[in-house]
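Have a look at the structure below, then the notes.
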Amino acid sequence: MSALGLELGVAALFVVVLVGGLLRGRNAPHAIGGIAIAGLTVLLGAAFLMSPAPAGEGAFGGMFVQDDLALFAKRLFLAATLIGVLASLALRQAAFSRRAVEYHLALLGSLLGMLVLASARDLILLFVAFELMSIPLYFLTGFLKREPEAVEAALKFFLVGTVSSAVLVYGLSFVYGIARTTDMSAIPGALAEGHPVMLLGMILTLAGLGFKIAAFPFHMWVPDAYEAASTPFVAWLSVAPKAAGFLVIFRLYLEGVGDAVLLWVPMMAGLAVVTIVAGNLMAIPQQNVKRMLAYSGVAHIGYMLVGLAAVSAAGVGMMLFYLVAYLFGNMGAFLVVEAVAQAEGSEHMSAYRGLAQRSPLLALAMLLFLLSLGGIPFVAGFWAKLYVFLAAAEQGLYWLVLVGALLTVVALFYYLLVAKRMYIDAPVRPGPIAVARPLGLSILICTLGVVVMGVWPGPWVDAVLRIAATLF
Amino acid sequence: MPLQAYLILAAVLFAIGLFGVFTRRNTVGILLGIELMLNAVNINLVAFARFNGDAAGFIFTVFTICITVAEVAVGLALVILIFRIRRTATADHLDLLRG
Amino acid sequence: MSLEPLAFGGLSVVLVGSALAVVLVKNLFHAVLFLALALTGTAGVFLLLDAEFLAAVQLLLYAGGVVTIVVFAIVVTERLVGDRLGQTSRFIGSGMAVAGAVLVGLLLFIRQEPLAEVRPPLDGDVTRAIGDALLTRYVLPFEVLALLFLVTLLGALYFARPED
Amino acid sequence: MTPVLDAGALALLALLLPAAAFVLLAVAAPVRRAGRVAGYVSILFALGALGAALGAWRATGPADLSLRLWEWLPADGWPVAMVGVLADADSTVMLVLVALVSFLVQVYSLGYLADEPPGGLGRYYTYQSLFAFSMMGLVLAPNFVQLFMCWELVGLCSYLLIGYWYQRPEAARAAVKAFWTTKAGDVGLLIGIVLLWRHTGTFDFLELLQMADGGEIVRDGLGVITFCLYLGAVGKSAQFPLHVWLPDAMEGPTPVSALIHAATMVTAGVYLLVRTAWLFSLTPDVLALVGWVGAFTALLAAVLACVQSDIKRVLAYSTVSQLGYMMAAIGAGFAAVGFLHLLTHGIFKALLFLGAGAVIHAVGTNDIFAMGGLARRMPQTFIVFLVGTLSLAGIPLFAGFFSKEAILGAVWVGGPLLPFVMLVAAAFLTAFYMFRVVFVAFFGAPGAAAAVGGHGTGAGHGPGAGPAHDAPAVMGGPLWVLALAALAIGIGFAVAHPALEFELLGWITPLAVAVAVGGIALAWLTYQRRAIDAEALARAFGPVHRAALARFWLDDLFIAFYRLLVLAVSRPVGWIDRYIVDGILNVLSAWTLSAGDHLRRIQSGQAQDYVYGVALGILLLLVWSQWPR
Amino acid sequence: MRGLPVLSIITWAPFMGAVLIMFCARHRPLLVRGLAVASTGISLVLSLWIYVAYDRDLAGFQFYEELALVPRLGISYQIGVDGMSLLMVLLTGIIIFAGSFASWTVKERSQEFYALLLVLVTGVFGVFVSLDLFVFFLFYEIAVLPMYLLIGIWGSSGEVRPQGLFGWAFRRTGVGSKEYAAMKLTLYLLFGSAFILVGILALYVANGSTSFSFLDMELAEFDPRLQSWVFLAFYIGFGILAGIWPLHTWSPDGHASAPTAVSMLHAGVLMKLGAYGVVRLGLGLLDEGTHQWVWLVGTIACINIVYGALSAMAQTDLKYVIAYSSVSHMGVVMLGAATLTENGLNGSVFQMFAHGIMTGLFFALVGLVYEKAHSREIFKMSGFGAMMPGIATAFTIGSLSSLGLPATAGFVAEFLTFLGAWQSVHSWWLFPGVLGAFLTSIYVLRVAKQIFWGPPSLDPHFQALPDARGPEWVALIILVFTLVLFGVAPGIAIGPVDTATVPILIRLGVAQ
């Protein structure tokens, strides 16, 4: 049962929070968060101590595997959740202190879904875990249920999400029908036989997953949900579920599929191009920084899809690297937004005027995150983009690389607009911005991540390439 | 009847459900459309399971039915919440967030 | 076995007809009733496919449960709004076009596939097989599903509770 | 055995001394700012250079060659270009001329610019040293690269010195005009050099000469090359139509005009053609063109000189005219004759300019009609100026006589008739306009300015100090040296004719003398005796007179060209760059911005539309999945 | 000293300076400047030292250093200099050293200013010394990005009237403001870097995905079709930085808006970086591609020369004149490279150096004039020569070099380029080149005449303007001295350059 250790741990944490909340939830909101953080820290440590199960051995008749990829993903999810929960401690709205139990339970439930998803090698388990991951997100989006925007965003998220779930499971039904089993290891064989309905099933599934990873044109819930939901949650939402979505894609579309992977190239490349272009273009006119980051996040998914379009171990490895870099960069950026919003009461661009002179370190952190997202050397995002491009180039997808690289310039345009507010414009109000301690800590973690990965990418690359190699 | 007939029936239902989601103004109506889509999935699964002679499909169907119910529950809770806060049932009116 | 095509045809007509009614009728309440009809029809299809257990689940959980809570929700919201809920449609043309396109796409793929014409004979009790599998091989998803219900419950409660 | 100080070493010394002076003055700002001290330094070095130049000249026999070379532009294998000195008969004699005039002018300037602020004076001598170096470098150049470099440098000095009084708008304008006009010619020269290099593979004069002698130079395309080289000479030596800058260059201080725009720099073009005469002789067509243009320039400038009232402008046009003579001789195929005239002209034209400078210094104006009766007030100046004038007019026993006569003979022998006729006419006019100056300025009633005197209010030389009088010794000395030199050369040539490559026909001498005397007589009749009314004379040549007053509209043409370039070409280009080229790129970026704005509208905020997105995505994927692989 | 990682010290000394400035010199402006001068001084002295110590007979890449970065992908920190980069390193050292003095008077946020400037310089040094294409690209990005803030914060806005067919686009993009200029410059250069990245990746993949090392790729034979488009990608990418027509318009706006030291560094060094990239990667690696596209490179270079000169002539803003003159002169650089002859290529590299120094001098001077007179409008100024003789003299010398007057570095460069042009296959390139030199003489002297000559201006703003002072003199003297020294004795530069260009030509098959 050691394979299920992390899942059981999260489930236990879930129960502890539930029980603790029932006993004295309202009085000790920070205790709930503290418990969650402590538990997650322990679990993250445990995740790093765990080693993958030997190949070919899975629990529940091969339904649940604990391989390199799964372990990598679980560490990623746990880390993201840890940062998200840590930052959530700084949230000021009444709902978060009064309903801390619900908030954390939902987060943990979703996390559990992700963890199971990372190991799922069976369509049913996959689907159930996928839903366990998704449904709490709707609550969390609408968690500030007094705010019309939040509820509206939750409803939209829910409606589109459910339709996408329907599409996904419709696709899975075809996959099951042709593979004649829910065991995912049968998929490569069925694919190789070239069944049109199999292909249809995979396409529909991809569409469902496209919603989860927020690829254009499935992305449309993203900006609304990001804008309305609480920022620490959004920071987490922008990373963890997307990573989970990609993980499913690896499992379903790449793992052991062999030459049939070439089927996906046009679809992935096409999605990548439209996602990069649309995400970047739509980010340009945004005045709300969160919304801008939402669109830029869409564009980043496009870049990751470039790595996917490479359908190679290098491509997947580079995507994993990208995911980690994106985790730090994107979460960090959102958390700075939260810090500024708490002080200025605004997520508008203009709130950032003269930030460099008011709080130089905060501004520097934001700049680093933005540069990382923009793909500038010596911060993580640079290597991420570069590696992804490299993987695509190795497959001869030079045009894709060129489009991606050119649109990076557009991305830098709007990132630099924020940099302009921070560094070039004069401050409107004097004095530094007060940053709540947990928030500051989580920002610091993200900064360290971005810089360390940027300055010293070697070991990370080695690790992700080793993991990716197991897929092919 | 051949398997194809069942699949086509499911596809038609799926498309009708999708159409419903597109066109209904009322959020509950949209939910009904989604129900139709999920229902089509169930037909698909059961038909495949029967023609493949494999029980897993039936089990899959059990899961989808359960999850559908859960989703409907969430959806209706959301709808009620929306009604309470915005006093409207029409999805078209929910466009505070856009652009 | 000559009854099967007949039954299938009849059920198809009912299904498609009621489904269309669900998405087209003006009265929301009627739409829900048509949905119940469609779900019942689906249960009939399950029977045709020798899945009695699923047909029962479908009737109980789906046609019973879902329809009930939908009706409940409608009643609650009508009370809240203080008015009957109307049901109108938007952009029927474009909806039809896109949904039609998706349908055509699906059918094009489905038609290309050489699918089984006849079903294999049943071996054993389907219901028992389902039960066995659920508690052995599929116990993990089953547990996860339980957790899912728990979280859903929490969430739905959180949303639906009027105060705080 | 060659002595330690052979001609090459001495020439090098002569070259380096002014360079040292320049570097010293340029770097040691206090010395430069001290004004007169800078002058003394520069003069001292110039004197040394003169000595070295004389030594080099004495050490060089007619057939001697002394070469010093250093690598300048290295390349893989053989260097692309070298620098060094090539001391032979021609270059050393030219070197002496340059050193001599340069030295005298620097001495003279001490007096002429005595009232300048010290900083300005220091700057002046810095430029003077640089000029002396550059001009000597040009003279001694062993190859085209060094020649061109020094060629440009003398142009630079000319620019700087014309603009010496840079606060005067005319001076500033004249300086850039001179630079641009000569630069236009230099473009040709540069192209010519590059073409020649590709053609022959070398820049070196000696190698080229060997190739030419050995007939190794391909004739095909050589005409273009020599023509381009000639263009450089046209600019520098003020040949038609690029002569327009020289009269304006008179805005510089008069000693500068004497040195640069009379004796040395402007003759660089002639010198170039003399140096490469063997090359030009391979392209007779170009040579003929040189002759024709030279003769035409001589006549045209002579006509222009007749209507000038500014004494320096008269001399400037006369310089253009004389340069035309030299070119005509070269064009006729007798470069040595042209070179001879170059040397004599260098002496007596410098004399004339310095004399004119003394006059201007004394009366404070350039206008000859404001002068008058100066002969009595400044007798010494009058005498030396007269020597110069007689030399220029080509009166026997004066320096210009023999060389001018030789040119007429050479053109008669070597060229067609018409250039010869033009040159004879020009000779007549030369005598006329020079004596016009003499009669108007030095005889007759004292003009307003002459009476008042004043150290050149116009030239800004400081406050007036009584009526005009002879220049101080520091200015007078150089004048006398040059006058004596002119006489010595004239008498020397009268005694011993230099050897010529052709037979000087007997009737040329009387013709030349007659024409000169005729010109003098006309001037005497018109301006001294007033037997002929100047106005009537002008009317008699109505259209020519008017055209001459308008400088044959050439300046207008150039101004029009400049305007065309600046306004009609560059402005539209600038506009296009800003509003079309940049505009298109701005449009692209504006479109990108708009695309973002339009695209975000699909984000309508309505959930059903988001579902459309999902459906659309499905359709897209379905289509893409069928992409041909 | 052989054992020292000299190149690394040269490259990273400014960066260390920046770090020290950020952490140790808060609110101590003099210390900031002292650190800047010290760190760039180290770089300058060491670049002089390697210039002397470089073994010309041995040639090739020397002062080699290597450190594996990402061995799995074949990325290593691999640096070294050959004759060409040697000169470029020296150029960078000189310009930044002079630049630190030229911006002595930056008052506002000088700490950040110097820190960013120094970071930028590290990028530039890095590009010139790196032998690993990947590291090359990395440094390239570092060299581009600080520019945005440098111009955005310390720049100056101009005024451009939106008019013409595309007036709406001008209004939309906010042409004229410093933010616009900064953004334009940054995006253009990053746009270019996208092409470069694609090209580098293509070469990496084509060479078997084992090494980004330039030295390894030099040994490879690439497929002609790949070479063709990769060359084009490099040409566009680096060409944008080198200001090739019609992608040059960032340069006037950017240079005009940038503060003095940034203009100096950018026009002086960064544009060279583009040309250097074309020569090093384009000519140096892609023989077939070069032969295929050289006609385009040369022809566009000719357009650059003439068009840039004419545009410069049309400007009324002093900084724009200089900026357009850079466009024109970069044409000479590209023309020289396109000739594929020894002289042309030597001339090209020499022009990179000469123009770097010259334009650095120009921007320093314009900065001084602007700082003292608070105007860049040429036709409002007049007769400044009497008030600021030093600036006037330096400006004149710069002008002379600009128009290619002998005894300044500009002549040598142009002369060699012209020789090369006429030697090349497309010999007609000579004529636009020479015409450009002539046009340069017109606009540059016209400007000098207008500003420094003529009667003193009557404008009350232009009375009693001071000449250059103290630290500013240091900048001017260094630059003028270099300009003349390399003009009088070009051999000291051409010698090492030749050892680098000849192998390139041999690889291209046009020399033995």
Side-chain angles (χ1 to χ4, degrees), chain D residues 71-76 79-81 119 145 148-153 155-156 159-160 163 166-169 171-173 175-176 179-180 183-184 186-187 190-191 194-195 197-198 562 565-566 569-575 577-591 593-594, chain E residues 160 163-166 168-170 172-173 175 187 245-247 249 253 307 310-311 313-315 324 342-343 346 383 385-386 389 400 403 405-407 411-412 415-416 418-419 422-423 427 430-431 434-435 437-439 441-443 445-446 449 452-456 490-491 494-495 498 502 511:
Chain D
E71 178 182 279
W72 190 64
L73 273 180
D76 199 31
V80 178
V145 177
F148 181 77
M149 292 198 295
C150 293
W151 180 279
E152 291 281 280
L153 280 180
L156 165 70
Y159 162 76
L160 292 171
Y166 59 87
Q167 301 207 330
R168 299 208 312 219
R173 204 173 301 135
V176 290
F179 195 91
W180 290 342
K183 184 82 189 168
D186 297 350
V187 167
L190 182 58
I191 293 178
V194 172
L195 264 58
W197 178 72
R198 180 83 197 279
Y562 172 70
L565 194 67
V566 172
V569 179
S570 82
R571 292 266 169 90
V573 170
W575 192 91
D577 186 65
R578 169 54 79 187
Y579 293 106
I580 305 294
V581 176
D582 193 27
I584 288 171
L585 292 155
N586 274 314
V587 165
L588 287 181
S589 55
W591 271 348
L593 298 180
S594 307
Chain E
V160 175
Q163 55 170 272
L165 198 57
F166 306 125
W168 60 272
F170 283 74
R172 176 83 203 246
T173 52
V175 176
L187 292 188
W245 187 89
L247 303 172
T249 56
D253 284 340
Y307 179 94
L310 285 173
S311 300
M313 212 178 281
Q315 304 302 318
Y324 274 107
E342 186 186 350
N343 287 319
N346 284 350
L400 296 175
L403 60 86
L405 197 91
F411 169 72
V412 182
F415 185 66
L416 282 173
F418 296 158
L419 286 184
W422 187 249
Q423 259 181 309
S427 46
L430 170 68
F431 301 109
V434 178
L435 177 64
F438 177 64
L439 293 176
S441 79
I442 291 189
Y443 69 78
L445 289 184
R446 173 164 164 257
K449 168 188 159 239
F452 294 108
W453 292 18
I494 299 289
D498 200 60
V502 170

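No experiment lies behind these values; they were computed from the predicted model shown. Throughout, protein chains are lettered first and strands after them, A, B, ... in sequence-line order, and every chain is numbered starting at 1.
- Only the side chain of E/Tyr324 comes within less than 4.5 Å of a heavy atom of chain D; its backbone N, CA, C and O stay farther away.
- Interface check for chain E: of the options D/Met149, D/Glu152, D/Arg198, the most heavy-atom pairs under 4.5 Å are formed by D/Arg198.
- Nearest heavy atoms, E/Phe418 versus D/Val194: O-CG1, 3.7 Å.
- If you measure heavy-atom distances from E/Leu439 to chain D, the contacts under 4.5 Å come from the side chain alone.
- Classification of the D/Trp72-E/Phe411 ring pair by plane angle, with boundaries at 30° and 60°, yields tilted.
- When the candidates D/Val145, D/Leu585, D/Leu190, D/Leu593 are compared by the number of heavy-atom contacts under 4.5 Å with chain E, D/Leu593 comes out ahead.
- Of the atoms belonging to D/Val176, it is side-chain heavy atoms, and not backbone ones, that fall under 4.5 Å from chain E.
- In terms of heavy-atom pairs under 4.5 angstrom with chain E, the leader among D/Trp591, D/Tyr562, D/Phe179 is D/Phe179.
- Interatomic distance, E/Leu310 CG to D/Asp577 CG, rounded to the nearest 0.5 Å: 10.5 Å.
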Let's go through D/Trp197 and E/Asn343 carefully: what are the C-alpha distance in whole Å and the side-chain angles of both, what is the deciding distance for side chain to side chain contact (heavy atoms under 4.5 Å, CB included) to 0.1 Å, and is it a yes or a no? CA-CA 12 Å; D/Trp197 178 72; E/Asn343 287 319; 3.1 Å; yes

Side chain to side chain contact (heavy atoms under 4.5 Å, CB included) between E/Asp253 and D/Asp582: does it pass, once the steps are laid out? CA-CA 10 Å; E/Asp253 284 340; D/Asp582 193 27; 3.7 Å; yes

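- Contact tally against chain E (heavy-atom pairs below 4.5 Å) for D/Trp151, D/Tyr579, D/Trp575: the top residue is D/Tyr579.
- Between E/Leu416 atom CG and D/Leu73 atom CG the span is 5.0 Å, to the nearest 0.5 Å.
- Between D/Gly574 and E/Ala314, the closest heavy-atom pair is CA-CB, 3.8 Å.
- With a 4.5 Å cut-off on non-hydrogen atoms, D/Ala184 touches chain E through its backbone and its side chain both.
- Chain D forms the most heavy-atom pairs under 4.5 Å with one residue out of E/Gly385, E/Gly491, E/Gly454, E/Ser427, and that residue is E/Gly454.
- Options D/Val80, D/Ile584, D/Leu195 differ in how many heavy-atom pairs under 4.5 Å they form with chain E, and the most are formed by D/Leu195.
- With chain D as partner, the option from E/Ala386, E/Pro389, E/Pro246, E/Gly495 having the largest number of non-hydrogen pairs under 4.5 angstrom is E/Ala386.
- With contacts defined as side-chain heavy-atom distances shorter than 4.5 Å, the pair E/Leu405/D/Tyr159 does not qualify.
- Of the two parts of E/Leu430, only the side chain, counted from C-beta on, holds a non-hydrogen atom closer than 4.5 Å to a non-hydrogen atom of chain D.
- Of the inter-residue distances, the one linking E/Arg446 atom CZ with D/Arg173 atom CZ reads 13.0 Å to the nearest 0.5 angstrom.
- Across all non-hydrogen atoms, the minimal contact from D/Ala75 to E/Asp498 is C-OD2, 3.4 Å.
- Between chain D and the options E/Ala407, E/Pro456, E/Ala437, E/Gly383, the largest number of non-hydrogen pairs under 4.5 Å is found for E/Pro456.
- Contact annotation: the side chain of E/Pro406 never approaches that of D/Cys150 to less than 4.5 Å [non-hydrogen atoms, C-beta and beyond].
- Looking at E/Leu435, there are no atoms closer than 4.5 Å to chain D (heavy atoms on both sides), in backbone or side chain.
- For E/Glu342, the part lying under 4.5 angstrom from a heavy atom of chain D is the side chain only.
- Counting all heavy atoms, side chain and backbone alike, E/Ile494 lies closest to D/Pro74 at CG2-O, 3.2 Å.
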